[in-house]
Amino acid sequence: MKIASWNINSVKARMPNLTEWLKRAQPDVLCLQEIKTVDDGFPRMEIEALGYHCSVHGQKSYNGVAILSRVTPDEVRIGLPGDENDEQARYIEVVLPAKGGVVRVGCIYLPNGNPVGEDADSEKYRYKLDWMARLKDHAKTLLKFEEPLILAGDYNVIPRAGDCHDPEGWWGDALYRPETLAAFHAIKNLGFYDAFETLDGRDGQYSFWDYQGGAWQNNLGIRIDHLLCSGQAMDRLVDVTIDKFVREGERPSDHVPIIGRFEL
DNA sequence: ATGACGCCCCATGGGCGA
């Protein structure tokens, strides 16, 4: 079973790219972030025609997440628990039938958090840290099921210096600073494995290149899209791929897909 | 010091992203 994550930066603008990639990569599950549309605007018919069920948590103009799956989910959860006043669509989760049981997949669009503010106390950065604390609480709950669990998505976290073309320049940014790394490690330390770091681990394997300043042409990238796996998922992980070639396409997203292949 | 690129919207420029 191939389980992938891709921040697509508008599903409507990216339909040609999405269609082409689905046909080529043949994932069984695809977590999408930044679909930038309400549920009714999601191109459900076109994607169903390609053989995928769509679980969608949309929002007007910004954010929005979805999970495409070959099989119909047994369960769907919309939104991250812990704050009823949070109106940003950044989390959706499905339980899917799998070989010998189920697999649970959470799709994450973690807040960016910039600007950080003078004492790292801007509204946006506090929202990021609050969201990460909520994700930790929810992840802790999910781990108790002792199932194969994959929390996949755009974490907006650069885990290591080797995951950034210019770590000194980026240090202090909301994606790469002490509070962010501490919160990320607090989640991982509940019992998750970063699929890429565990099975590959090479430096300079990026998943995002800014549209601006020739970032792609000069390989000025960062690795911020991650598959966090429970032990039960990690035991079944065969390999991890970052589909860098997708960034060369016509009108690409600024992120590329990351794919984990599991014996599930 | 600014803008750069690309997406969104009852738009025609401003907000947002990372």
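Letters go in sequence order (proteins before strands), and every chain restarts at 1.
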Enquirer: For A/Gly172, is there any backbone N or O sitting under 3.5 Å from a side-chain donor or acceptor partner on A/Arg177?
Expert: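 It does hold such a pair.
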Enquirer: What's the gap between B/dG6 and B/dA11 when it is taken at their C1' atoms, as a whole Å value?
Expert: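 Here B/dG6 and B/dA11 have their C1' atoms 16 Å from each other.
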Enquirer: List for me each residue that meets ring pair (Phe, Tyr, Trp, His ring centres under 6.0 Å) alongside A/His57, sequence neighbours excluded, and say none if there are none.
Expert: none
Enquirer: Closer to the 5' end of DNA chain B via nearest nucleotide, is it A/Arg251 or A/Asp254?
Expert: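 Counting from the 5' end, the first nearest nucleotide belongs to A/Arg251.
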Enquirer: I'd like the P distance from B/dT12 over to B/dT2, given in whole Å.
Expert: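 Those two atoms are separated by 24 Å.
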Enquirer: Counting the atoms with a prime plus P, OP1 and OP2 as sugar-phosphate, which does A/Asp225 contact under 4.0 Å by heavy atoms, base, sugar-phosphate, or nothing?
Expert: nothing
Enquirer: With sequence neighbours left out, write down each residue that passes side-chain hydrogen bond (donor to acceptor under 3.5 Å, both in side chains) with A/Ser55, or none if nothing qualifies.
Expert: none
Enquirer: Would you mind classifying the nucleic acid contact of A/Tyr155 as base, sugar-phosphate or nothing, using non-hydrogen atoms under 4.0 angstrom?
Expert: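 Counting heavy atoms under 4.0 Å across all strands, no contact is made by A/Tyr155.
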Enquirer: Under a 3.5 Å distance rule, please check whether A/Ser122 uses its side chain to pair with a backbone N or O of A/Pro115 as donor and acceptor.
Expert: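 Yes; judged by distance alone, with no hydrogens or angles, the pair exists.
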Enquirer: Taking B/dG13 as the reference, what is the distance to B/dA1 when you measure between their P atoms (whole Å, please)?
Expert: 28 Å
Enquirer: A/Lys124 or A/Gly213: which one's nearest nucleotide on DNA chain B is closer to the 5' end?
Expert: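 Comparing both residues, the 5'-ward one is A/Gly213.
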Enquirer: When rounded to the nearest 0.5 angstrom, what is the spacing between CG in A/Leu175 and NZ in A/Lys128?
Expert: 4.5 Å
Enquirer: Treating A/His185 as the side-chain partner and A/Leu181 as the backbone partner, does any N or O pair qualify as donor plus acceptor under 3.5 Å?
Expert: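 Indeed, once roles are kept as given, a pair shorter than 3.5 Å links the two residues.
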Enquirer: Students should find this one: the first and last nucleotides of DNA chain B, 5' to 3', lying under 4.0 Å from a heavy atom of chain A. What are they?
Expert: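 Listed 5' to 3', the contact boundaries are B/dA4 to B/dA18.
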Enquirer: What nucleic acid atoms does A/Asp154 come within less than 4.0 Å of, heavy atoms only: base, sugar-phosphate, or nothing?
Expert: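 The residue A/Asp154 makes sugar-phosphate contact but no base contact.
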Enquirer: Distance check, P atoms only: B/dA18 and B/dC8, in whole angstrom units.
Expert: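 Result for the P pair: 15 Å, nearest Å.
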Enquirer: Using atom P in both nucleotides, what's the gap between B/dG15 and B/dC10 to the nearest angstrom?
Expert: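 15 Å, rounded to whole Å.
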